[in-house]
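Notes follow the structure.
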Protein chains: 2
Amino acid sequence: MSRPQPQKRPTVHDIAAAAGMSRGTVSRVLNGGYVSTEARAAIEAAMSDLGYVPNNAARALKMRRSQAVAFVAHEPHSLFLDDPNIGSIMLGANAALSLADHQMVSLVVESARDTERVARYLSGGFVDGAIVVSARTKDPIIRVISDLALPAAFIGHPPDLDQNIPFVGIDNVGSARAITEHLLSTGRRRIGMIAAALDRDSGIDRLAGFRAALGSVFDEDLVADVPHYDYGSGVKGMRDLLEREPAIDGVFAASDAIAAGALETLREAGRSVPGDVGVVGFDDSTWAVRCQPQLTTVHQPAKELGSCAAQVVLRQLRGEHLDPVGQLLSTPLILRDSA
Amino acid sequence: MSRPQPQKRPTVHDIAAAAGMSRGTVSRVLNGGYVSTEARAAIEAAMSDLGYVPNNAARALKMRRSQAVAFVAHEPHSLFLDDPNIGSIMLGANAALSLADHQMVSLVVESARDTERVARYLSGGFVDGAIVVSARTKDPIIRVISDLALPAAFIGHPPDLDQNIPFVGIDNVGSARAITEHLLSTGRRRIGMIAAALDRDSGIDRLAGFRAALGSVFDEDLVADVPHYDYGSGVKGMRDLLEREPAIDGVFAASDAIAAGALETLREAGRSVPGDVGVVGFDDSTWAVRCQPQLTTVHQPAKELGSCAAQVVLRQLRGEHLDPVGQLLSTPLILRDSA
DNA sequence: TACGGATGTGTGAACGTGCACACAGTAGGA
DNA sequence: TCCTACTGTGTGCACGTTCACACATCCGTA
């Protein structure tokens with residue numbers, strides 16, 4: 001089968017001609033307005049006959065509206081795969097946008113090259129707004145969105161985020177503090193933390209909450225710093241911690257995946273959990289119930305974060321005023337067996 | 001900050017006026033052509049001055065080219081979260097498209113409503129082609145793409161896929177057969193399978209390969225049928241199998257996640273692996289090395305699948321002829337500890 | 001009889017871009 | 001001198017849509 005032209009598709013003109021009407025009437029059938037029942041029937045028949053589909057590019061050009069919202073997944077390789085939240089957040093956002101008849105298009109940013117292309121894409125009129133997840137400090141995408149005045153919502157917010165850009169997130173400081181306090185309440189004395197992603201608000205805030213809970217007992221030496229929220233980082237971080245303080249009896253892992261890695265290391269080292277060491281995670285992801293023992297952790301409402309962010313963007317699109325620029329969702333503690 | 005209009009953005013006209021040139025010359029600066037060095041300098045200065053970004057919608061309308069390719073992730077909720085392949089496939093595709101200066105936009109299909117909207121989006125001129133992953137039998141998306149003659153590539157192919165639509169995949173039948181034969185070679189006699197996703201080519205083919213390897217020894221009763229490739233399905237499937245045949249000594253799980261679930265159930269049931277029961281998986285995902293014992297499995301070249309599919313679409317876009325419509329990537333057996 | 005409103009339909013102009021074409025000037029070769 | 005080729009620039013049109021406007025008809029009422 002040869003494919004010389006990309007197949008001439010019918011336009012409003014063709015439909016109008018086939019139905020014996022004018023373009024205006026076809027447009028009215030599509031967008032609402034006064035149309036007689038016969039005219040509507042004829043046009044609808046012609047449309048399904050010729051297989052008409054409106055051309056979004058033309059519509060977007062004329063209307064300055066594409067009915068699409070970008071979901072910018074600004075994640076390095078390993079994170080994207082090992083972070084279960086990102087998937088849930090996407091699905092939550094997709095569902096909310098879908099309900100409002102908007103298309104979610106997700107853009108993956110891996111390299112500097114990607115950043116530039118995504119920036120071009122965002123400003124090219126293909127999307128009406130953007131949801132940005134886990135942007136980093138000094139992320140160029142932030143500037144682009146700010147310059148463009150593109151309706152946007154950030155999920156989590158880097159410390160240098162422009163005050164006017166709305167965000168939704170969770171109270172990382174408070175949640176980290178609460179779960180650390182739980183660890184204290186079970187009688188643990190030498191509590192360490194495997195802190196990750198300290199170039200992001202979430203990582204920084206979880207560490208801050210941990211520090212706050214421990215107060216004067218806080219010991220810099222008991223913080224292992226790992227780059228990512230993944231399993232491998234957990235294994236490594238726990239080895240570090242055991243080496244520095246063999247008498248450690250409590251661990252706050254910055255994510256469930258990290259906690260899972262930590263459990264594995266503790267098992268190899270012959271420590272029992274929660275007998276010798278209490279371990280808590282963060283996320284309440286599938287990791288939490290898959291571990292042995294199951295993890296005590298902080299529930300992160302990933303799906304709600306996604307749909308909330310979508311709502312924020314949609315509200316801006318409708319021209320509504322946003323009262324509080326930021327919004328924090330609550331994060332219940334989930335008590336299971338690991339601490 | 002009030003936001004009455006979506007902020008008037010500069011157009012070629014504005015740039016032309018600012019630089020004292022005509023629109024045509026601006027266009028030539030952007031797209032190549034004869035332009036004097038002074039003119040180019042003046043125009044480039046004006047562009048960076050006014051912060052000009054070409055309007056993709058207008059360009060797409062005129063050129064019938066958007067420089068974007070859709071990645072249709074046709075996955076139900078649980079699958080999307082638990083299938084590690086989809087992420088790797090996406091990253092592979094993204095990298096390849098990025099290199100060719102194309103934007104990947106990924107569309108999530110969850111519901112029938114989504115299907116319809118995605119179909120509209122695909123035919124709306126926002127994308128030049130599509131990569132479709134794990135479409136199901138009778139998927140309406142297939143018809144849409146076929147009707148539109150949209151350059152596309154399927155990853156895996158449903159049995160009812162139009163002969164002309166290119167696909168890339170792996171030899172599920174051969175790989176399943178090979179790993180089952182490995183199980184046989186270790187002396188297992190009562191081998192069961194936890195089969196999943198039997199509404200998809202991958203699920204069907206893996207079962208077929210299993211059956212082929214066993215030949216006359218194949219026993220219908222030793223196949224547990226579960227809906228998804230996830231951990232929970234593995235737990236359930238293994239319970240089924242143990243109940244039906246307590247003397248079972250080998251299990252082929254249709255995915256690593258399923259194998260992980262099966263391991264958990266076996267552990268609970270007091271069976272040792274690989275002592276009492278040999279277990280093999282499929283995918284060589286992060287699950288495989290995270291299990292105890294680590295899984296013997298089939299390596300699935302997820303990233304290559306993604307980049308291959310992208311290449312196929314790009315080649316169609318360039319008007320090249322595709323010799324073999326289908327393409328199968330090789331899948332080495334990875335021998336670890338579980339069988 | 002005339003008028004205002006509701007209902008229904010057609011037409012022209014724009015959205016921002018790229019391309020074909022026209023035009024102008026210079027240079028080289030027959 | 002004329003023709004052609006090359007470089008550089010401006011202008012009109014089209015892509016497919018929507019929207020504002022003009023027009024046409026019919027009804028009820030002043």
Side-chain angles (χ1 to χ4, degrees), chain A residues 5-44 46-47 50-68 120-121 123-128 148, chain B residues 5-44 46-47 50-68 120-121 123-128 148:
Chain A
Q5 278 96 264
Q7 183 122 348
K8 174 95 178 119
R9 286 215 282 265
T11 73
V12 272
H13 294 83
D14 302 325
I15 302 300
M21 295 276 135
S22 79
R23 326 186 306 275
T25 311
V26 177
S27 174
R28 272 182 289 268
V29 168
L30 291 168
N31 305 304
Y34 297 123
V35 186
S36 68
T37 44
E38 315 89 82
R40 161 162 279 126
I43 287 172
E44 275 170 353
M47 289 202 297
L50 303 183
Y52 172 74
V53 188
N55 182 319
N56 279 337
R59 178 177 291 185
L61 175 60
K62 182 65 187 162
M63 311 272 286
R64 281 107 163 250
R65 269 291 191 121
S66 61
Q67 295 288 94
R120 245 174 24 224
Y121 190 86
S123 37
F126 277 169
V127 292
D128 298 336
L148 255 44
Chain B
Q5 276 95 264
Q7 183 122 349
K8 175 94 177 118
R9 285 217 282 265
T11 74
V12 272
H13 293 83
D14 302 326
I15 301 302
M21 295 278 135
S22 79
R23 326 187 306 275
T25 309
V26 177
S27 174
R28 272 183 288 269
V29 168
L30 291 168
N31 305 299
Y34 297 122
V35 186
S36 66
T37 44
E38 317 84 88
R40 159 161 283 125
I43 288 172
E44 276 170 353
M47 290 202 296
L50 304 183
Y52 172 73
V53 188
N55 182 319
N56 279 337
R59 179 178 289 186
L61 174 61
K62 180 66 187 163
M63 311 275 285
R64 282 108 165 252
R65 267 298 190 110
S66 62
Q67 295 287 93
R120 249 177 17 228
Y121 190 86
S123 37
F126 276 170
V127 292
D128 299 337
L148 255 46

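Just so you know, these numbers come straight off a predicted model, no measurement behind them. Below, chain A is the first sequence line, B the second, and so on; all start at residue 1.
At whole-Å resolution of the value, CZ in B:F126 and P in D:dT17 are 12 Å apart. Spacing between atom CE of B:M21 and atom C1' of D:dG8 amounts to 10 Å, rounded to whole angstrom units. At whole-Å resolution of the value, CD in A:Q67 and C1' in D:dT17 are 14 Å apart. Atom OH of A:Y52 and atom P of D:dG16 are 10 Å apart (whole Å). The interatomic distance linking A:M63 (CE) with C:dG16 (C1') rounds to 16 Å, in whole Å. Atom CG in B:L61 sits roughly 17 Å away from atom P in C:dA14 (whole-Å rounding).
Look at A:Y34 and you won't find any side-chain N or O under 4.0 angstrom from OP1 or OP2 of C:dG8. Here A:R59 reaches the OP1 or OP2 of D:dT18: one of its side-chain N or O atoms lies under 4.0 Å away. In terms of phosphate contacts, A:R28 brings no side-chain nitrogen or oxygen within less than 4.0 Å of OP1 or OP2 of C:dT9. Dashed line: the shortest gap from a side-chain N or O of A:N31 to OP1 or OP2 of D:dT18 is under 4.0 Å. Contact check, B:T11 against C:dG16: no side-chain N or O comes under 4.0 Å of OP1 or OP2. The shortest distance between the side-chain N/O atoms of A:S27 and the OP1/OP2 oxygens of D:dT18 is below 4.0 Å. Between A:S36 and the phosphate of C:dT9, there is a side-chain N or O to OP1/OP2 separation shorter than 4.0 Å.
Mapping B:T25 and A:V12 onto DNA chain D by nearest heavy atom places B:T25 at the nucleotide closer to the 5' end. Nucleotides of DNA chain C nearest to B:L30 and A:K62 differ in position, and the one nearer the 5' end is that of A:K62.
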Subject >> Worked check of side chain to side chain contact (heavy atoms under 4.5 Å, CB included) between A:D14 and A:T11 >> reply: CA-CA 5 Å; A:D14 302 325; A:T11 73; 3.7 Å; yes

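For a distance-only test at 3.5 Å, the side chain of A:R23 qualifies as a donor-acceptor partner of the base of C:dG12.
If you check D:dG16, C:dG10, D:dT17 against the side chain of A:S22, the one that comes closest is C:dG10.
Not a single donor-acceptor pair under 3.5 Å links the side chain of A:R59 to the backbone N or O of A:Q67. Put simply, the side chain of A:N56 never gets that close to the backbone of B:G125: no donor and acceptor are under 3.5 Å apart.
Among all heavy-atom pairs drawn from B:L148 and B:S123, the shortest one is CD2-CB, 3.1 Å.
If you check every strand for non-hydrogen atoms under 4.0 Å, A:A39 touches sugar and phosphate atoms only.
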